[in-house]
Amino acid sequence: MSRKIIIDTDPGIDDAMLILATLHSPEFKVLGLTTVFGNAQVEDCALNGLRLVELEGNGHIPVTKGCGKGLIIPTEEVGTHVHGLDGMGNTNQPLPKNKIDPRHAAQFIIDTVLANPGEVTLVPVGPLTNIALSLHLEPKIISLVKEVVLMGGSAYAPGNISPVAEANIAHDPHAAALVYGAGWKVTMLGLDVTTKVAMTTDYLERIYQHNTPATRLLQQILPCYQGFHDLFYGMNGTIHTHDPSCLAYLLDPDLYTTQSLPMFVETNGRCAGQTIPDPKQQWGRLAEVNVCLEVNSQGVLDLLFDRLTRS
Ligand code: RIB
Ligand code: CA
């Protein structure tokens, strides 16, 4: 039986890779995409969610729109310098055919978890605002969600949106603090592992050779993302593997070395968004997070290659 998941996402170029690869994975039943601001404005992220499910005949999957800004900190800027003004690399994709589901993303999460107690895995790969709002509105979901497997944060690697913070957490650190501290099982795929998995131009070219609707879309949108990695890190066409790492973990957790660590989320000041492990519990009792610290990067690349190129 396939595993039920909700992807909470800000598509977003690497979000698109995750979504397309997951839709090629019969191990999962995607109950819905819930969209949030982050890589672009939430309106654009929601439209991109619809485009992605429709691309290869999955238009029956509901796509909802959620929060357009953080819970407390006003959103200063979204990640359009990384993902393009449209979140899809400035490629002007055609308008989707279907409509966005009228429910707020947080309500969709609540309704779906209550209707499937103990069965739903949440896969957040954007700012955690929708997830925090849903557990605030209906705390019962905390014990009813199977687990949370998220892309965000960093235990020991440097940040990407600031010297210390990863973008998804920094966009809404208050939401992240609520989600990390809720008491449900959280697995964190942060920069410690996502920056160790490098998709090279050769790897991407081999994906494009499969010439499917998914690979053709990736070929259009990825140059923008590569451009950012080149400008910021001098990576010469290679990209980090952020959001798709959640799929690799869900399919084969043995690709990762994990450690359960008490985790603090800084919500204030210059270091807002920093996720700090406190293994000796010097800051009192903090919720433990299952943190991915090491990765079999070739194993992840092989797995994702297979899933991205399936039709
Ligand atoms: O830091 C990487 C994360 O920020 C990814 O989820 C990417 O899509 C952006 O949202
Ligand atoms: Ca994302």
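In listed order, ligands and their atoms are each counted from 1.
Between Glu27 and Arg307, at least one side-chain N (NZ, or NE/NH1/NH2) sits under 4.0 Å from a carboxylate O, which counts as a salt bridge. Salt bridge annotation for Lys196-Glu294: present, with a cationic side-chain nitrogen under 4.0 angstrom from a carboxylate oxygen.
Note: no N/O pair closer than 3.5 Å links Gly126 and ligand 1 by distance alone. Inclusion of Asp10 in the set of residues having an N or O under 3.5 Å from an N or O of ligand 1 is warranted. The shortest N/O to N/O separation between Tyr225 and ligand 1 does not fall below 3.5 Å.
For Arg216, the CZ atom counts as densely surrounded, since its 6.0 Å shell holds more than 12 non-hydrogen atoms of other residues, nucleotides or ligands.
The closest protein non-hydrogen atom to atom 6 (O) of ligand 1 is Asp243 OD1, 2.5 Å. The protein atom (non-hydrogen) at minimum distance from atom 4 (O) of ligand 1 is Asn168 OD1, 3.3 Å. Scanning the protein heavy atoms around atom 8 (O) of ligand 1, the nearest turns out to be Asp14 OD1, 2.6 Å.
When each atom of ligand 1 is checked for a heavy atom of Glu166 under 4.0 Å away, the hits are 1 (O), 2 (C), 3 (C), 4 (O). Proximity to Asn160 (heavy-atom distance under 4.0 Å) selects the following atoms of ligand 1: 1 (O), 2 (C). Close approach to Asp15 involves these atoms of ligand 1, each under 4.0 Å from a residue heavy atom: 8 (O). Ligand-side atoms of ligand 1 in range of Val125: 6 (O), range being under 4.0 angstrom from any heavy atom. Each of the atoms 2 (C), 3 (C), 5 (C), 6 (O) of ligand 1 lies under 4.0 Å from some heavy atom of Met151. Within ligand 1, the atoms closer than 4.0 Å to a non-hydrogen atom of Asn39 are 7 (C), 8 (O), 9 (C), 10 (O), numbered from 1 in the order shown.
The two atoms that bring Thr194 and His240 nearest to each other are O-CB, 3.8 Å, heavy atoms only. Pro127 approaches His171 most closely through the heavy-atom pair CG-CB, 3.6 Å.
The aromatic rings of Phe228 and Phe232 sit parallel, their planes meeting at an angle under 30°, below the 60° perpendicular limit. A tilted orientation is assigned to the rings of Tyr225 and His83, their planes being inclined by 30° to 60°.
Note on the Ca ion (ligand 2): protein N, O or S atoms under 3.0 Å away count 5, no waters included.
Among the candidates Ile13, Leu191, Val193, the single residue satisfying the side chain to side chain contact (heavy atoms under 4.5 Å, CB included) test with His242 is Leu191.
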So Val123 and Ile6, side chain to side chain contact (heavy atoms under 4.5 Å, CB included) or not? Walk me through it.
-> CA-CA 6 Å; Val123 185; Ile6 295 174; over 6 Å; no
Give the C-alpha distance, both sets of side-chain angles, the deciding distance and a yes or no for side chain to side chain contact (heavy atoms under 4.5 Å, CB included) between Lys146 and Val120.
-> CA-CA 5 Å; Lys146 186 176 161 79; Val120 180; 5.9 Å; no
Would you please test Glu56 and Arg310 for salt bridge (charged side-chain N to carboxylate O under 4.0 Å, His left out) and show each step?
-> CA-CA 11 Å; Glu56 294 176 318; Arg310 286 184 183 190; over 6 Å; no
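If you look at Ile161 next to ligand 1, there are no close heavy atoms at all, none under 4.0 Å.
Checked against the 6.0 Å centroid threshold, His104 and Phe108 do not count as a close aromatic pair.
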